[in-house]
Engineer: 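Sharing a structure with you now.
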Amino acid sequence: MKLLEVIPIARGISAETLTYFTASEVAIGSIVKVPLRKKTIPAIVLSLQEVSEAKSSIKDLAYSVRKIKEIKSFDLILPKFMEASKEIADYLAASTGSVMNSIIPKNILLNADKLKIEIKAGAANSRPHEKFVLQADDEERYANYRSFIREEFAKGFSVFFCLPTIQDIKKTFEVLSKGIEQYAFILHSGMPKKEVLKNWMKVLSEAHPVLIIATGSYLSVPRSDIGAIIVDKENSSAYKSQVRPYLDVRKFSEILSEKMKIKMIFGDLLLRTETIWRHGQGEFIEFSPLKFRSLSTATQEIIDMKKIKGESEKSPFKIVSNELEHLVRTTQKNNEHMFIFVARRGLSPTTLCNDCGTIVLCSFCKAPTVLHRSNKENFFLCHRCGERRNALEKCANCDSWNLTALGIGMEKVYEELSGKFPSVKIFKMDADSAPTHRIACQTIKKFYESPGSVLLGTEMALVYLNEKIANSAVVSIDSFFSLPDFRINEKVLNILLKIRFFTAKNFIIQTRDASQKVMEYAVKGNLAEFYRDEINNRESLEYPPFSTLIKITVSGEKKKVADEMDKLEKYLEPRHLAIFPAFTPFAKGKYSMHALMKIPRGGWIDRALLDKLRNLPPYFNINVDPESLL
């Protein structure tokens, strides 16, 4: 009889390891299915010990050890992958099991016993581990990637090409698989389960080096000859998980490449500020000289909507400038295509009372409601919790009917343009009009097939635009600057650069806040000046890369949350905590507060602090390196 120590692969299990009795033969590192509570979950075998040698350790366990009559074990991951999972778990102050649950696809875990895999130990990699950065436009980056992949193939190495979204994978596969179609494979959650399993087996059975184009969860593929990991669109926030343990695929990829001693490349049109700074510190090598001047063939202009010619201060609020109207007419006349970016969905992002200034809020989460229009009547919709109610209501504070909608939403721009240009075909792409990937693909196809048409889109549309467009405009982006988020300037610049990149002829930006330098940096393609401003601001405020941020969130009844934060502050002394309400403090009837720690660069992982964080009750939500402080 043996004592089996395993790492449970499941969310919501605080224990790092669990222990079972078994009489079955099982190998360390293999996947087993074990009973836990009333479920059967996958787990990874960490160690084996004869029961006779482990009597004292059994007595010290806080739970009774269950006996397993039969265990089906099967290989699934490489040992280096497990090592990387343990290291990232420490970094995230999470359990190894919760990390593996995030980074190994459910379809693979649940069907691992059906995948007859013989994991071969690859030959020792004698090459030095190197980390590269590549900042250039898409065309230049992908030309570099094609050459690099073929060089790796010639040396006998496979390449894992990581991307943040399914649409990115589809576009990239078309570009990179030309000439090597039989050795290129895609893996992502949008594929049918059978196709995922089929491609997984093809990747593992192919004798020739392969190109795997996939999302981050497929880094677990146990192909021992992978010689490089490429993480493209490195600036995308989609790489950071929105649920515990808040895994960042970019960080995990870096750790995994170090464990495997293989090459690592981060690439994007605009790399993250932290990544550029680390390159300056010698942590990354230039794959090719970083491009800090983004070029464009388009004529570019910033339109200050506060200084519209021929209008007085008493003129009504104008959504569409004369320049934008002219550009729509030009698009129609020349049978071209035009993209118009709108920051927010709905008619208006904010509604307030003209008498007392109170903003109309969601009844449940207290977030500002967004005014929408349906065929029958206007309604307020909370984009956070989904509450919907009739817009015919009085001010909750002073009982006044004098409510005014402010800001520019997608529906308002659509109404304005439809009224002015009834003969122009206008498409919309946001979470309301294109709620699924299939509908989004259909919309973009119809748009490209309709000369003289206009596409209105939020940020989600940028992923689907895969061909050059003659004209582009930004109707509203100012609302982003109202968010108290230290990454917001980088986010705005990234959006503007993407639009500018696929625009061939004319690009205009409408703004009511022309003082924002980001606009000028975007139209000039001046990435160097932006980086200098941004890195200086972050240094003065001790934000990344000069610190590691740890955000701890507690939600519940307001007084209890405040009490828990007081206890947390004392528990983590002498560490300094900045405690503040969430940007939208109420969500689904619960009140949320954040506690923020800034740990000087190089100070994390601190083992004493890590132990304290891991011992916190599960209602303390820990997020290391959060994408946002909101």
Side-chain angles (χ1 to χ4, degrees), residues 131-138 140-141 144 231-237 239-240 248 250-251 254 265-296 298 300-302 304 459 474 477-478 480-501 503 507 509 511 513-549 596 598-603 625-629:
K131 295 187 290 188
F132 298 90
V133 283
L134 177 57
Q135 181 168 278
D137 63 41
D138 290 11
E140 183 175 338
R141 288 202 323 280
N144 275 288
V231 177
D232 197 49
K233 313 283 185 183
E234 182 263 358
N235 206 313
S236 173
S237 60
Y239 278 122
K240 177 82 173 182
D248 192 324
R250 295 162 296 198
K251 180 70 177 178
E254 195 173 342
I265 303 174
F266 283 138
D268 209 334
L269 177 62
L270 174 68
L271 293 165
R272 287 181 296 167
T273 300
E274 299 97 307
T275 305
I276 298 173
W277 183 85
R278 290 176 63 193
H279 161 256
Q281 302 300 304
E283 294 184 37
F284 292 104
I285 306 166
E286 288 184 354
F287 192 86
S288 66
L290 298 190
K291 299 295 187 297
F292 283 98
R293 176 68 67 178
S294 177
L295 302 177
S296 173
Q300 300 161 77
E301 186 179 3
I302 298 173
D304 188 343
E459 193 177 351
V474 174
I477 202 165
D478 298 337
F480 283 144
F481 295 113
S482 65
L483 298 174
D485 188 354
F486 74 96
R487 297 185 193 274
I488 201 63
N489 286 333
E490 184 176 285
K491 177 185 175 71
V492 170
L493 181 62
N494 201 22
I495 290 171
L496 295 177
L497 288 176
K498 285 178 181 177
I499 299 171
R500 179 177 178 267
F501 172 72
T503 304
F507 177 41
I509 302 172
T511 179
D513 190 2
S515 63
Q516 294 287 347
K517 291 183 180 179
V518 174
M519 312 284 188
E520 186 179 342
Y521 293 148
V523 297
K524 292 182 178 179
N526 191 346
L527 309 189
E529 284 297 319
F530 167 78
Y531 171 72
R532 280 192 281 270
D533 281 355
E534 185 71 7
I535 202 68
N536 288 336
N537 287 337
R538 294 203 188 182
E539 186 173 21
S540 66
L541 297 169
E542 297 179 342
Y543 282 134
F546 303 101
S547 66
T548 299
L549 301 180
L596 184 68
K598 291 180 182 178
I599 300 176
R601 183 171 181 79
D625 284 339
E627 279 291 307
S628 168
L629 304 183

Engineer: Y521 versus L496: any side-chain heavy-atom pair under 4.5 Å?
Structural biologist: no
Engineer: Give a yes or no answer on whether the side chain of R500 reaches the backbone of A522 with a donor-acceptor pair at less than 3.5 Å.
Structural biologist: yes
Engineer: Using the rule salt bridge (charged side-chain N to carboxylate O under 4.0 Å, His left out), only one of K233, K498, K291 pairs with D138; which is it?
Structural biologist: K233
Engineer: Nearest heavy-atom pair of Q300 and V523: which atoms, and what distance?
Structural biologist: OE1-O, 2.8 Å
Engineer: With distance as the sole test, does D268 use its side chain to make a donor-acceptor pair with the main-chain N or O of N235 at under 3.5 Å?
Structural biologist: yes
Engineer: Within the structure provided, determine whether M519 and D478 are in side-chain contact (heavy-atom separation under 4.5 Å).
Structural biologist: yes
Engineer: Scan R272, R601, R538 and name whichever one has a side-chain contact (heavy atoms from CB on, under 4.5 Å) with W277.
Structural biologist: R601
Engineer: Name the one of E234, E283, R250 that satisfies side chain to side chain donor-acceptor pair (under 3.5 Å) with T275?
Structural biologist: E234
Engineer: For the side chain to side chain donor-acceptor pair (under 3.5 Å) test, which of E490, R278, E534 pairs with T273?
Structural biologist: E490
Engineer: Under a plain distance cut-off of 3.5 Å, with no hydrogens placed, do D513 and S515 share a side-chain donor-acceptor pair?
Structural biologist: yes
Engineer: Thinking salt bridges, do E274 and K251 make one under a 4.0 Å N-O criterion?
Structural biologist: no
Engineer: Does either side chain, that of N526 or that of E529, offer a donor lying less than 3.5 Å from an acceptor on the other one?
Structural biologist: no
Engineer: Which word best sums up how the rings of Y543 and F486 line up, parallel for under 30°, tilted for 30 to 60°, or perpendicular for over 60°?
Structural biologist: parallel
